[in-house]
Amino acid sequence: MRGRRNSTRSRTTGWSMSNWKIPLTDLDYGDEELHAVQRVLRSQWLSMGPEVAAFEREFAGHCQIPHAVAVSSATAALSMALAVADVGAQDEVIQPGLNFVAAANATVQRGAEPVFVDVLGLDEPTLDPRQVARRIGPRTKAVVAMHYGGRLCRMAELAELCERHGVVLIEDACHAVGVSTEAADGGDSFAGGIGDLGAFSFFSNKNLATGEGGMVVTRRDDFAERLRPLRSHGMTTLTWDRHRGHASSYDVAVHGSNYRLDELHAALGRVQLQKLADNNRRRRTVLDFYAARLGGLEGWMFPLTTDQPTSGHLMVAVAPDGAVRDRVVADLRQAGVQTSLHYPCIADFTAFQDWQAAELAMTRDFAQRAISLPIFPTMTEQQVDYVCEALLATPASEGNGN
Ligand SMILES: *Cc1c(COP(=O)(O)O)cnc(C)c1O
């Protein structure tokens with residue numbers, strides 16, 4: 001079996017981080033990242049400074065979004081986005097019940113209420129604009145749209161709706177770094193820069209990985225001006241400015257926090273940004289390999305193998321029912337294939353029982369039936385074969401399609 005190659009050995013170190021034959025995700029790290037870290041260490045400056053500034057400039061340039069503010073995580077980015085949207089007590093933030101929990105937690109931490117709405121369907125698991133239209137009201141301050149798996153939400157409809165109601169549109173673009181679509185003016189618009197504010201994560205399993213880190217982006221000058229101080233205690237100057245003698249004191253103008261990124265992570269981010277377009281392309285090729293093997297499988301759906309623009313962040317299979325899903329997950333584990341679920345329904349978590357939403361039928365069905373299969377830029381066609389053969393060998397999924 002060719003799939004036996006141990007894919008968890010990183011190119012750089014040869015260390016094996018797990019015993020999976022095929023892990024869910026794998027870094028594309030090499031000498032470039034090592035050299036970037038060495039450059040920072042030699043500079044003897046570790047906290048937010050020139051590397052962070054360069055990373056922000058390069059990221060903004062790559063995504064054609066005027067303002068990019070580097071932060072320590074996407075959770076920080078989402079908190080800051082909600083803050084500049086003036087989300088506070090008694091306000092409502094409409095968001096998908098199918099998402100990572102960060103946006104919902106950030107909403108509650110601002111004293112506001114998450115209003116969970118359903119996704120369009122099992123084959124398009126992003127925010128349903130009609131559901132948003134039904135729930136939008138006088139207390140709605142913001143809508144959070146999440147580009148599931150790297151496939152864009154129906155942004156034109158959502159943007160029109162938010163504009164009409166004077167509501168801030170925030171993109172949780174963690175899955176969609178570097179994804180662009182044709183804009184109304186014929187140019188490109190990039191995920192994160194379509195709405196009013198966008199949040200990205202550079203956690204280890206994301207398409208642009210630095211370990212921890214994130215970015216908040218905006219086209220709006222007024223928002224950018226308010227974001228920067230929020231990242232560093234609301235202070236009007238940085239340690240770096242004072243180090244260079246550009247400032248000797250500071251004022252505190254707003255109540256900020258410490259959401260700063262550091263130089264080491266920024267240096268890694270700059271290297272990963274250079275690899276991003278190629279790696280997203282390689283992920284899309286992996287999606288095509290999956291589509292060719294599983295495409296016609298009866299009763300199954302593959303919402304992310306589409307012709308739409310995508311980052312290829314996830315490869316998700318939706319099983320005919322929950323029982324088949326559970327059997328396939330168990331069989332894949334037996335075969336050494338790591339899987340995951342993106343995501344359980346947020347409204348069903350204990351901490352969210354005050355906001356339990358009845359109308360999340362599609363989200364809950366998806367959570368019962370979805371499997372995230374391995375996908376990463378260095379994944380080979382043989383590895384995809386191995387995963388698909390294991391999936392197709394499970395009773396009740398065999399004999400169809402292939
Ligand atoms: C990873 C992720 C987050 C959180 O990112 P952190 O950088 O870990 O805070 C939020 N939303 C989505 C959709 C994510 O995938």
Side-chain angles (χ1 to χ4, degrees), residues 24-25 27 52 55 59 68-83 93-110 114 116-117 119 125-127 142-153 155 169-179 191-192 194-195 197-217 230-231 257-262 264-266 268-269 272-273 276 280 283 303-304 310-316 340-346 349 351-352 363 366-367 370 372 375-376:
L24 189 63
T25 180
L27 288 172
V52 171
F55 183 33
F59 191 89
V69 179
V71 289
S72 50
S73 69
T75 306
L78 288 163
S79 280
M80 288 164 55
L82 292 170
V93 178
I94 298 177
Q95 52 197 289
L98 182 70
N99 192 358
F100 183 64
V101 73
N105 274 339
T107 301
V108 173
Q109 281 161 353
R110 294 206 64 75
F116 296 113
V117 303
V119 291
T126 55
L127 200 55
V143 169
V144 178
M146 197 275 276
H147 303 302
Y148 184 92
R151 179 177 172 180
L152 298 183
C153 298
M155 290 304 289
L169 178 56
I170 298 170
E171 295 174 69
D172 181 337
C174 291
H175 295 184
V177 60
V179 178
I194 306 170
L197 291 147
F200 293 97
S201 172
F202 308 135
F203 186 69
S204 313
N205 61 12
K206 309 297 161 121
N207 289 33
L208 193 167
T210 66
E212 300 283 358
M215 196 74 80
V216 52
V217 297
L230 283 180
R231 161 178 62 178
S257 190
N258 177 359
Y259 290 142
R260 291 184 306 263
L261 192 69
D262 65 85
L264 289 161
H265 289 95
L268 292 174
Q272 286 274 297
L273 181 64
L276 180 67
N280 282 357
R283 287 172 176 272
L304 302 177
T310 177
S311 64
H313 177 61
L314 298 179
M315 167 59 203
V316 170
S340 185
L341 168 63
H342 296 89
Y343 294 95
C345 175
I346 296 176
F349 287 134
F352 289 89
T363 298
F366 193 84
S372 295
I375 188 165
F376 42 93

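Both counts, for ligands and for their atoms, begin at 1 and track the order of listing.
The shell of residues lying under 4.0 angstrom from ligand 1, judged by heavy atoms, includes K206. Ligand 1 lies within reach of Y343, whose nearest heavy atom is under 4.0 Å from it.
Remark: minimum distance from atom 11 (N) of ligand 1 to any protein heavy atom is reached at D172 OD2, 2.9 Å. When hydrogens are left out, the protein atom nearest atom 9 (O) of ligand 1 is T75 OG1, 2.5 Å; that is the closest non-hydrogen contact.
In this structure, N99 contributes its side chain and V101 its backbone to no donor-acceptor pair below 3.5 Å. Proximity of a side-chain donor or acceptor of S73 to a complementary backbone N or O of T75 within less than 3.5 Å is detected.
Annotation for ligand 1: atoms under 4.0 Å from non-hydrogen atoms of M146 are 13 (C).
Some N or O of S201 is nearer than 3.5 Å to an N or O of ligand 1, by distance alone. The shortest N or O to N or O distance between C174 and ligand 1 is not under 3.5 Å.
The aromatic rings of F59 and F55 stand perpendicular to each other, their planes meeting at an angle above 60°, with 30° marking the opposite boundary. Note: Y343 and Y148 have perpendicular aromatic rings, judged against thresholds of 30 and 60 degrees for the angle between ring planes.
Between the side chains of E171 and H147, at least one donor N or O sits under 3.5 Å from an acceptor N or O.
Contact detail for M80 and V69: the closest heavy-atom pair is CE-CG1, 4.4 Å.
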